[in-house]
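What follows is one structure encoded as structure tokens, with my remarks underneath.
Start at 1 and go down the list; that is how both ligands and their atoms are numbered.
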Amino acid sequence: MKKLIVANWKMNPETLQEARQLLLGLEHRMPTVQQAVEVVVCPPYIFLPPFSHYVHMTRLGTQNMSWAEAGAFTGEISAPQVRQWDVEYVILGHSERRLYCGETDEGVNKKIPVALKHKMHPIVCLGGEAGAKKTGMKRLVSKQFAAAIKGLDKADIQKIVFAYEPIWAISTMKNSKPASGDHAAELINHIRGLLAKKIGKDHARSAKVLYGGTVNKLNVHEFAKYPEITGALVGSASLDSEGFWEIVKEFSRESIHKKSP
Ligand code: PGA
């Protein structure tokens, strides 16, 4: 199974010129890893139209979208609008959106069917709640998982990519610290357990479940070495093309050498 590496650029970079340079740097290197990994770039919305002309081997994603498909929603962007620019993935429920923009579990649940209707894979982040502590992560992840998939059928749940992103590990949060590989693998196994109850063991085993939170070129091996961690959601480190490429290469090596869980 291919590993999935998602670059979440957040509100960066400032200019299209810088953004283009970052993307083309990745595109040029992709041929060496494309058998083993899929790389998804999630730039700010404004770069999607030009990027749809530049992407060949990388995939495009967005960092959010509205649950409404059209209408009077000032400042929002709809699924059909992003889809026309070849967007294939959408990050939902990111901790920064929950913390600063009022995203709720219910909102995430409303957005998933809309993303699927427009043929995009939701990347649903679990673990982002203000004040969440390491000891309470299983309970929080279970709660957010149940809320996210409420009312969805098995076929829909199978199309979701889940990402374990503990809020205390996001590099831009105060006093943040990456999770240990052991902790990330334990929680990802927990998510697979939750998935197994909904879609069966075999599908749960082959589902993509990512880890996110201060993944960088120095610690990537800590996560990539676990076969159950089937990819990464990378923020800050994805803005440095050399560093990000080290992350992609490490997952690609592990994907070739080890079997999936
Ligand atoms: P980080 O961000 O890699 O900078 O911790 C991850 C994320 O916010 O998705």
I'd like to know whether ligand 1 has T172 as a neighbour, heavy-atom separation below 4.0 Å.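 Under 4.0 Å: no for T172.
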Tell me whether ligand 1 is touched by G213 - counting only heavy atoms on the residue side and a distance under 4.0 Å. yes
Here's one to test your reading of the geometry: is the NZ or CZ of R59 within 45 degrees of the ring axis of Y89 and under 6.0 Å from its centre?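 No, R59 does not sit over the ring of Y89.
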Nearest non-hydrogen contact to atom 2 (O) of ligand 1 from the set M173, H94, K10 belongs to K10
Side chains of S66 and S78: donor-acceptor distance under 3.5 Å anywhere? no
When you compare the side chains of H183 and Y164, does any donor N or O come within less than 3.5 Å of an acceptor on the partner? yes
Among protein heavy atoms, which sits nearest to [atom], and what does the distance come to when rounded to 0.1 Å?
| atom | value |
| --- | --- |
| atom 3 (O) of ligand 1 | G235 N, 2.8 Å |
| atom 9 (O) of ligand 1 | E165 OE2, 2.8 Å |
| atom 4 (O) of ligand 1 | S171 OG, 2.5 Å |

Atom indices of ligand 1, in the order listed, that fall short of 4.0 Å to a heavy atom of [X]:
| X | answer |
| --- | --- |
| S236 | 1 (P), 3 (O), 4 (O) |
| L233 | 9 (O) |
| T214 | 1 (P), 3 (O), 5 (O) |

Identified side-chain contact (heavy atoms from CB on, under 4.5 Å) counterpart of M120 within the set E88, M65, K159: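 Between M120 and the candidates, side-chain contact (heavy atoms from CB on, under 4.5 Å) is satisfied uniquely by M65.
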Going by heavy atoms in the side chains, are L60 and V40 under 4.5 Å from each other? no
Mind checking who shares a hydrophobic cluster with W67, ILVMFWY linked at side-chain heavy-atom distances under 4.5 Å?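 F73, all in the cluster of W67.
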F51 and F47 aromatic ring geometry - parallel, tilted or perpendicular at 30°/60° bounds: parallel
Would you mind telling me if ligand 1 is within reach of the side chain of N8, the backbone, both or neither, using heavy atoms under 4.0 Å?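 For N8, the contact with ligand 1 is made by the side chain alone.
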